[in-house]
2 protein chains.
Amino acid sequence: MSKIQTSTAKRRKMSDIRKDNLKQILLSAENLFAERGYTSTTISAIASQAGLPKANVLYYFKTKETLYKEVLTQLLVLWMQHMDEMTSEQHPNEALPRYILQKMKQSKQHPNASRIFAAEILHGAPYLREQLQTDLKAQFIKTCQVFHDWIAKKWMDPISPEHLLFLIWSSTQAYSDYALQSSLLMDKEELGDNDFETGLELISRLVLKGCGINLV
Amino acid sequence: MSKIQTSTAKRRKMSDIRKDNLKQILLSAENLFAERGYTSTTISAIASQAGLPKANVLYYFKTKETLYKEVLTQLLVLWMQHMDEMTSEQHPNEALPRYILQKMKQSKQHPNASRIFAAEILHGAPYLREQLQTDLKAQFIKTCQVFHDWIAKKWMDPISPEHLLFLIWSSTQAYSDYALQSSLLMDKEELGDNDFETGLELISRLVLKGCGINLV
DNA sequence: TAAAATTCTGACCCCTCGGTCAGGTTTTGG
DNA sequence: CCAAAACCTGACCGAGGGGTCAGAATTTTA
């Protein structure tokens with residue numbers, strides 16, 4: 001079968017094939033890990049969804065764990081995005097809703113990432129602990145400092161920065177982690193654009209009003 | 001060993017032993033399911049934590065699935081508690097903070113329940129779907145109606161009842177589901193009373209102020 | 001174009017886990 | 001007190017999963 005490859009196919013450099021395969025494996029892995037969790041996902045399931053034999057997947061990733069870790073690190077980068085776009089100089093009236101919007105977009109566009117992340121934390125973050133304590137924590141502290149500055153400038157009420165962040169994270173992330181529950185309760189196949197829109201508005205509203213952030 | 005039982009031990013009625021064993025099994029199962037998830041939890045792990053031989057666990061619960069379902073249904077009851085304590089007659093100024101308080105208490109006192117629930121939803125709610133669509137949904141609709149009534153009475157701003165509930169659920173539940181992340185970020189062994197307190201106050205504050213609920 | 005390096009894969013191994021079962025022990029009922 | 005019922009358990013089994021490996025196929029290098 002591979003012998004009858006056309007010259008067009010042959011012209012593709014091997015590194016391209018390698019990239020394609022890696023991409024396919026990572027993609028399938030992400031889907032399955034999100035859907036079934038780490039242990040319930042079998043290498044052969046990933047392989048068959050990626051259109052490769054199992055042994056070939058093991059050729060690219062020596063172990064299941066390696067593959068999972070790879071998926072995770074890609075994921076954390078995504079998850080941390082946008083946090084650093086909030087600065088002390090900006091007014092929270094603008095910066096906060098923008099951040100919330102970004103988080104909602106992520107829940108909508110990358111629900112798998114959110115779900116794997118959630119499952120990992122839920123089960124003790126065995127593979128993410130390190131990075132949580134270093135990378136994420138550094139960013140967390142910075143962001144809390146920004147909130148502190150805003151409070152000092154009287155731009156918002158003196159609430160707990162840490163817990164405010166937790167609330168924003170959990171309520172936005174719910175739109176991927178708990179999307180199934182929501183859609184079941186609201187008799188929908190799945191959440192639609194308007195649901196994300198309504199959620200976004202509600203969260204922004206509660207945060208702004210609740211923190212006493214004045215509309216300019 | 002069991003032959004040398006003292007008369008005191010013998011005096012215990014069998015049904016008591018049965019109850020004890022069931023309780024132990026259910027308890028161990030809950031712990032382990034919460035910690036490791038369904039697939040990673042082995043029957044022998046449950047057995048050894050319950051201090052029983054594996055075959056004995058299988059005597060009480062024919063299959064692992066049966067045991068899991070039992071844990072789940074107990075759990076859902078707990079999870080749905082207190083929602084029906086909010087009624088149209090009460091002022092949201094009282095009823096909402098009370099509900100939020102109850103949810104926070106649950107996150108603190110029954111983190112395992114919350115976590116198993118979260119994991120189940122995260123992975124498609126294969127065993128809980130039915131009950132979500134019937135029991136929980138009925139309660140959900142009732143509660144949304146209560147919120148609607150409050151809005152009609154001008155006791156609160158016209159926000160989306162559904163999404164307000166989602167926010168309350170997710171932000172309170174985060175104090176068990178994401179407790180690990182929070183404690184890692186804040187350099188603590190685990191969350192303390194004051195953390196739950198601060199979280200509770202923040203959530204209540206945002207909800208009340210955000211929904212324009214006037215302090216009496 | 002031949003040899004070296006890389007990539008691919010079917011067949012196989014081993015171990016764990018859910019579940020069974022035969023036979024033993026304890027409790028209950030008459 | 002004895003038989004029937006309920007309860008308990010060590011030993012075993014089959015399936016499925018992660019991972020290995022020898023060698024084939026393909027690409028690169030010289």
Original post:
A:Lys62 NZ to C:dT7 P: how many Å, rounded?
Top reply: 11 Å
**OP:** Measure the distance from CG on A:Leu67 to P on D:dG17 and round it to the nearest whole Å.
**Re:** 16 Å
Subject >> Matching residue for A:Trp79 among A:Gln173, A:Gln106, A:His110 - test: side chain to side chain donor-acceptor pair (under 3.5 Å) >> reply: A:Gln173
Original post:
Near A:Arg98 CZ, under 6.0 Å, is it more than 12 heavy atoms from other residues, nucleotides or ligands?
Top reply: yes
**OP:** Report the distance from atom CD1 of B:Ile17 to atom P of D:dA5, rounded to the nearest whole Å.
**Re:** 21 Å
Original post:
Side-chain donor-acceptor pair under 3.5 Å between A:Thr66 and A:Glu70, yes or no?
Top reply: no
Original post:
In terms of side-chain heavy atoms, does A:Gln145 have a donor or acceptor partner in A:His148 at a distance below 3.5 Å?
Top reply: no
**OP:** Please report, rounded to the nearest Å, how far the P atom of C:dT7 is from the CD1 atom of A:Ile25.
**Re:** 12 Å
Original post:
Could you state the OH-C1' distance from B:Tyr38 to C:dC17, rounded to the nearest angstrom?
Top reply: 12 Å
Original post:
Would you say B:Asn21 reaches D:dC8's phosphate, i.e. side-chain N/O to OP1/OP2 under 4.0 Å?
Top reply: yes
**OP:** Whole angstrom is fine here: how far is it from OH in B:Tyr60 over to P in D:dC7?
**Re:** 7 Å
Got a list of protein N/O to nucleotides 9-12 of chain C N/O distances below 3.5 Å?
from  : atom 1 : to      : atom 2 : distance (Å)
C:dT9 : OP2    : A:Asn56 : ND2    : 2.9

Subject >> Length of the CD1-P vector between A:Ile43 and C:dC8, whole Å >> reply: 17 Å
Original post:
Hey, would you say the A:Phe33 and B:His123 ring centroids sit under 6.0 Å apart?
Top reply: no
**OP:** Give a yes or no on whether A:Lys142 atom NZ has more than 12 heavy-atom contacts from other residues, nucleotides or ligands under 6.0 Å away.
**Re:** no
**OP:** Check whether any side-chain nitrogen or oxygen of B:Arg18 sits under 4.0 Å from OP1 or OP2 of D:dA6, and answer yes or no.
**Re:** no
**OP:** Looking at every strand, decide which applies to B:Thr41 at a 4.0 Å heavy-atom threshold: base, sugar-phosphate, or nothing.
**Re:** sugar-phosphate
Original post:
What integer distance in Å separates A:Leu58:CG from D:dG18:P?
Top reply: 9 Å
Original post:
Are A:Tyr178 and B:Phe166 close enough, and set up right, to give a ring-ring contact (aromatic ring centres under 6.0 Å, His included), and what steps lead you there?
Top reply: CA-CA 9 Å; A:Tyr178 286 92; B:Phe166 296 157; 9.2 Å; no
